J.: 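Just passing along the structure, written as structure tokens.
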Amino acid sequence: MRANISKWNALAATLLYASAVFQIADNHFGLGAVFFVAASSFAVAARINKKTEPENEKQ
């Protein structure tokens, strides 16, 4: 189950990073910064879930 959560968090982080780049390129720096912080949070959550995943749940 955690593997699925980790994958979804990684996908969300990737999409938010891309969105942040487009927002910053369109001169919406505030919104781009918010998306960048959210993407970083999702990336950290994905890494923590992946690191703490028990061996018997891996398939």
Side-chain angles (χ1 to χ4, degrees):
M1 181 68 178
R2 284 189 178 211
N4 290 337
I5 293 172
S6 178
K7 289 177 186 177
W8 284 110
N9 280 342
L11 176 65
T14 303
L15 294 175
L16 282 168
Y17 279 129
S19 181
V21 168
F22 286 118
Q23 291 296 326
I24 291 170
D26 199 27
N27 290 328
H28 297 289
F29 295 108
L31 191 57
V34 169
F35 284 168
F36 187 81
V37 169
S40 298
S41 299
F42 275 106
V44 167
R47 182 66 179 153
I48 289 173
N49 281 335
K50 188 174 183 180
K51 186 182 284 189
T52 60
E53 177 178 288
E55 289 296 322
N56 58 1
E57 281 191 29
K58 290 184 181 178
Q59 294 180 8

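Quick caveat: nothing in here was measured; it's all calculated off a predicted structure.
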J.: State, to 0.1 Å, how close Ala46 and Ala10 come at their nearest heavy-atom pair, and which atoms those are.
T.: CB-N, 3.8 Å

J.: Does the side chain of Ile5 reach to within under 4.5 Å of the side chain of Trp8, using non-hydrogen atoms?
T.: no

J.: Measuring from atom OG1 of Thr14 to atom CG of Asn9, what distance do you get when rounded to the nearest 0.5 angstrom?
T.: 10.5 Å

J.: Quickly, which of Phe36, Phe35, Phe29 forms a side chain to side chain contact (heavy atoms under 4.5 Å, CB included) with Ile24? Name it, please.
T.: Phe29

J.: Treat each ILVMFWY residue as a node, draw an edge where side-chain heavy atoms are under 4.5 Å apart, and state whether Phe42 and Leu31 are in one component.
T.: yes

J.: Do you know which two heavy atoms are closest between Lys50 and Ser6, and how far apart they sit?
T.: CB-OG, 3.7 Å

